[in-house]
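Have a look at the structure below, then the notes.
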Amino acid sequence: MNIDEMMGEIREVNLSYLMLAQQMLREDKAMASFRLGLSMDVAEVLESLSPAQIIKLARSGMLLSRFRFDDSTILDMLANYTKDRSLAHSHAAILMAGQPAEQLAA
Amino acid sequence: MARKSLLSEVKETQLAIELIEAGARLQVLESETALSRERLLKLYKEVRGESPPKGMLPFSTDWFLTWLPNVHSSLFINIYRYLIKNGNCEGIEGVLKAYKLYQEYLKTNEIEEVLSFTRAWTLVRFFDSKMLETTQCSKCGGHFVVHPDDLHDDYLCGLCHMPSRAGKTKKAKEALEAEQQGVAA
């Protein structure tokens with residue numbers, strides 16, 4: 001994959017992410033903020049983006065969504081479970097729901 | 001007598017319908033809406049096509065501490081707290097949304113429902129009245145439902161420290177066998 005292709009892919013991912021997030025937020029803000037792992041202030045910023053802004057953001061050359069599993073325990077539960085699949089998922093879901101939301105820096 | 005606002009009545013009816021669809025029992029409806037008992041009864045019959053179950057609501061906190069219910073209620077209370085903290089949700093709205101998210105989670109992971117809506121609502125009431133609380137597991141760091149009067153030093157959750165026979169039901173065994181046969185075939 002050359003650099004141009006990679007940049008193109010990143011743009012695509014960003015675009016789908018932003019559009020999906022906006023759609024989810026417009027349907028139900030509270031539930032969307034849980035699914036996306038965002039706090040209300042970030043959610044409001046995302047929701048209010050205009051199509052032109054979305055395109056500009058998507059083109060910024062950086063991936064806009066961040067990896068949520070910065071906790072190795074959760075990652076381990078989801079990727080390397082040996083026993084019951086549903087239990088491993090339940091355990092991970094409890095830990096995920098207990099994590100703090102992504103905030104805007106003050 | 002003050003005249004009731006039509007608009008608020010419509011809103012209450014809407015809420016009642018949503019609650020009935022989620023599986024709330026009549027006692028929940030009576031305490032969360034200002035509609036009369038007769039109207040709620042009628043509404044219930046229309047939405048569900050049957051009379052509401054009679055009898056008291058489950059009132060014991062112990063159920064939430066048994067193994068599988070504890071896993072599910074801990075998940076629910078974590079979602080609920082997230083919504084209250086980050087989602088500008090309050091009261092019954094938070095319970096409803098958290099329950100929807102919980103059900104969605106069950107559906108995507110093909111897990112059987114353990115916590116009914118009425119149980120979830122009771123759980124939140126128990127938390128409000130401090131009859132239950134959560135504590136952090138010393139191993140995984142997750143928050144789990146516990147009794148406030150128990151000792152929680154070095155608490156280990158039911159998933160880090162599984163009881164030896166937990167989850168080993170007849171059904172789970174059959175499912176496992178079916179899966180293995182599927183792999184072999």
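Here is how names work: the chains are called A, B, and so on, in the same order as the sequence lines, proteins then strands, and each is numbered from 1.
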Heavy-atom neighbours of [X] [atom1] exceed 12 at 6.0 Å:
X	atom1	value
B:R48	CZ	yes
A:N2	CG	yes
B:E112	CD	no
B:E90	CD	no
A:E12	CD	no

Side-chain contact, heavy-atom cut-off 4.5 Å: [X] with [Y]?
X	Y	answer
A:M40	B:N86	no
A:R35	B:L101	yes
A:L95	B:N78	no
A:F34	B:K97	no
B:C157	A:H91	yes
B:M162	A:L87	yes

(request) Tell me the residues of residues 68-77 of chain B whose non-hydrogen atoms fall below 4.5 Å from those of chain A, in number order. (result)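 Result: B:V71, B:S74, B:L75.
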Identify which part of [X] has an atom lying under 4.5 Å from any heavy atom of chain A, answering side chain, backbone, both or neither.
X	value
B:C89	side chain
B:Y80	neither
B:E93	neither
B:L83	side chain

(message) I'd like to know which of A:S90, A:G98, A:A88 tops the heavy-atom pair count under 4.5 Å against chain B.
(response)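 Highest number of pairs under 4.5 Å: A:S90.
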(request) Drop me the distance from A:M31's CE to B:I79's CD1, to the nearest 0.5 angstrom. (result)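 Rounded to the nearest 0.5 Å, the CE-CD1 separation comes out at 9.5 Å.
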(message) Between B:Y82 and A:S33 (side chain of the first, backbone of the second, donor and acceptor by atom type, cut-off under 3.5 Å), is there such a pair?
(response)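 A pair under 3.5 Å: yes.
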(request) Find the one option among B:R81, B:E110, B:H143, B:E104 whose heavy-atom pairs under 4.5 Å with chain A are most numerous. (result)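 That would be B:E104.
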(message) Please determine whether residues B:F59 and B:L132 belong to a single hydrophobic cluster, defined as Ile, Leu, Val, Met, Phe, Trp and Tyr linked transitively by side-chain heavy-atom distances below 4.5 Å.
(response)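 Each belongs to a different hydrophobic cluster.
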(request) State yes or no: do B:W67 and B:L156 share one hydrophobic cluster built from I, L, V, M, F, W and Y residues joined by side-chain heavy-atom distances below 4.5 Å, directly or via other members? (result)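 No; B:L156 is not reachable from B:W67 via cluster members.
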(request) Could you look at A:D41 and say if it's the side chain, the backbone, both or neither that has a heavy atom under 4.5 Å from chain B? (result)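 No part of A:D41 comes within 4.5 Å of chain B.
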(message) Using the ring pair (Phe, Tyr, Trp, His ring centres under 6.0 Å) criterion, which residues pair with B:F127? Sequence neighbours excluded.
(response)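 For B:F127 there are no ring pair (Phe, Tyr, Trp, His ring centres under 6.0 Å) partners, ignoring immediate neighbours.
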